[in-house]
2 protein chains.
Amino acid sequence: MPPSAVSQPEQFTIGRLAKAAEVNIDTVRFYERQGLLQIAPRSAGGYRLYGAADAQRMQFIRRAKTLGFSLEDIAELLQLTEDGHDRSRVKAIAQKRVADLEERIRELEKMRSVLAHHAGHCSGHGAVKGCPIIQALLSEQG
Amino acid sequence: MPPSAVSQPEQFTIGRLAKAAEVNIDTVRFYERQGLLQIAPRSAGGYRLYGAADAQRMQFIRRAKTLGFSLEDIAELLQLTEDGHDRSRVKAIAQKRVADLEERIRELEKMRSVLAHHAGHCSGHGAVKGCPIIQALLSEQG
DNA sequence: CTTGACCCTGAAGTGGACTCCAGGGTTTAG
DNA sequence: CTAAACCCTGGAGTCCACTTCAGGGTCAAG
């Protein structure tokens, strides 16, 4: 095989990894402590060294976070991608998350409709005494 | 006037107030520290004494919380009900809250639709390698 | 050789809204 | 008179996902 084929694995320090993933440098160290990132090998001077796989892992975490997964769930998802696990657990985690999202959305929509209703009945001027919003909070009729 | 007319204002201790409002007893003390409840007068033995107005105030807080107001907002709303303020500030707080709720709902709906989409493409069996959910997290094409 | 950018550690702080704890005093039922 | 149930205080702990801090070591440029 050619001498320079897969030999230089493109290493970089924590600062570059953090910048690439658009997170705080301390967040990377935090993820390591939390077990989301593998413990990085060190340079002679004690600096953490990362490679492309770590950058991809950070992207995985970032995307999972935008879907609202907790770090705990993300840790499990990452774990599942490593060993030869079955897809069922991944799907279960995702479905649980969808269900949680739906419940939370329903809660927020209830809040929104009730509050918008009260706000819609408030003229926005005059004394607070008698304001429909305050009245609703003082004594809900339901 | 008759001797027993408006004389006994129906006082009770913190435990009863907490039970009536369905909150932890420590929550009542916490609200006092936070300025949500007025500092209660004390009995001879040093017990806090509450009346009907405090119970109503606790209900106000409870209802505002179910609409998702922060304790800080609730403190301001309570303040506004006391002095001779104008309704405009109340309405502004409510409208801000509605806007925040709407933004949050949109965020959660985005998460839900993306995640449900991926989950819908996952068979739920077979190796994790190739699972559409994991694939999406590993490399989003958008 | 010095400056500045970068990296290291363990520990503590943040925010929001509580909740719990230890070590007491008070009140009431029996 | 005693035991149970209730109340008091200041302070610490909880959850989550970081962020900040103090006090250093390392590395590349000039």
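Sequence lines set the chain letters: A, B, ... in the order given, protein chains first and strands last, and positions in each chain run from 1.
When DNA chain D is scanned in the 5' to 3' direction for atoms under 4.0 Å from non-hydrogen atoms of chain A, the outermost contacting nucleotides are D/dA17 to D/dC27.
Across the interface with DNA chain D, nearest-nucleotide mapping of B/Arg33 and B/Gly15 shows B/Gly15 to be the residue nearer the 5′ end. The nearest heavy atom of DNA chain D to B/Ile25 and to A/Gly45 marks one nucleotide each, and the one closer to the 5' end goes with B/Ile25. When the nearest nucleotides of DNA chain C are assigned to B/Ser70 and B/Ser43 by heavy-atom distance, the more 5′-ward of the two goes with B/Ser70. With the nearest nucleotide of DNA chain C identified for both B/Gly46 and B/Phe69, B/Phe69 has the one nearer the 5' end.
In this entry the distance linking CZ of B/Phe30 with C1' of C/dC20 reads 14 Å, nearest Å. Protein atom CG of A/Leu49 is 16 Å distant from nucleotide atom P of C/dC6, rounded to whole Å. Protein atom OH of A/Tyr50 is 10 Å distant from nucleotide atom P of C/dC7, rounded to whole Å. Between the C1' atom of C/dA5 and the CZ atom of A/Arg16 lies a distance of 11 Å, rounded to the nearest Å. Computed from coordinates, the B/Leu36 CG to C/dC18 C1' distance equals 12 Å when rounded to whole Å. In this structure, A/Asp26 atom CG and C/dA11 atom P are separated by 16 Å, rounded to whole Å.
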Atom pairs and distances, donor-acceptor, side-chain atoms in residues 93-101 of chain A, under 3.5 Å, two or more places apart:
| unit_1 | atom_1 | unit_2 | atom_2 | d |
| --- | --- | --- | --- | --- |
| A/Lys96 | NZ | A/Asp100 | OD1 | 3.1 |
| A/Lys96 | NZ | A/Asp100 | OD2 | 3.0 |
| A/Arg97 | NE | A/Leu67 | O | 3.3 |
| A/Arg97 | NE | A/Gly68 | O | 3.0 |
| A/Arg97 | NH2 | A/Gly68 | O | 3.1 |

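The shortest distance between side-chain heavy atoms of B/Tyr31 and B/Met58 falls below 4.5 Å. Side-chain contact check for A/Leu78 versus A/Ile74: some heavy-atom pair is nearer than 4.5 Å.
With hydrogens and angles ignored, a donor-acceptor pair under 3.5 angstrom links the side chain of A/Tyr47 to the base of C/dC6.
Taking 4.0 angstrom as the limit, B/Arg62 places none of its side-chain polar atoms (N or O) nearer than this to OP1 or OP2 of C/dA17. Neither OP1 nor OP2 of C/dC18 sits under 4.0 Å from any side-chain N or O of B/Thr27.
More than 12 heavy atoms of other residues, nucleotides or ligands lie within 6.0 Å of CD in A/Gln34, so this atom counts as buried by the packing criterion. Within 6.0 Å of CD on B/Gln79 lie more than 12 heavy atoms contributed by other residues, nucleotides or ligands. Remark: B/Glu82 CD is packed, more than 12 non-hydrogen atoms of other residues, nucleotides or ligands lying under 6.0 Å away.
Counting non-hydrogen atoms under 4.0 angstrom, A/Asn24 reaches the backbone sugars and phosphates but no base. Residue B/Lys19 is out of contact with every strand shown, counting any heavy-atom pair closer than 4.0 Å.
A distance-only check finds a donor-acceptor pair linking the side chain of B/Arg57 to the backbone of B/Leu36 [under 3.5 Å].
Closest to the side chain of A/Arg29, out of C/dT9, C/dC20, C/dC18, is C/dT9.
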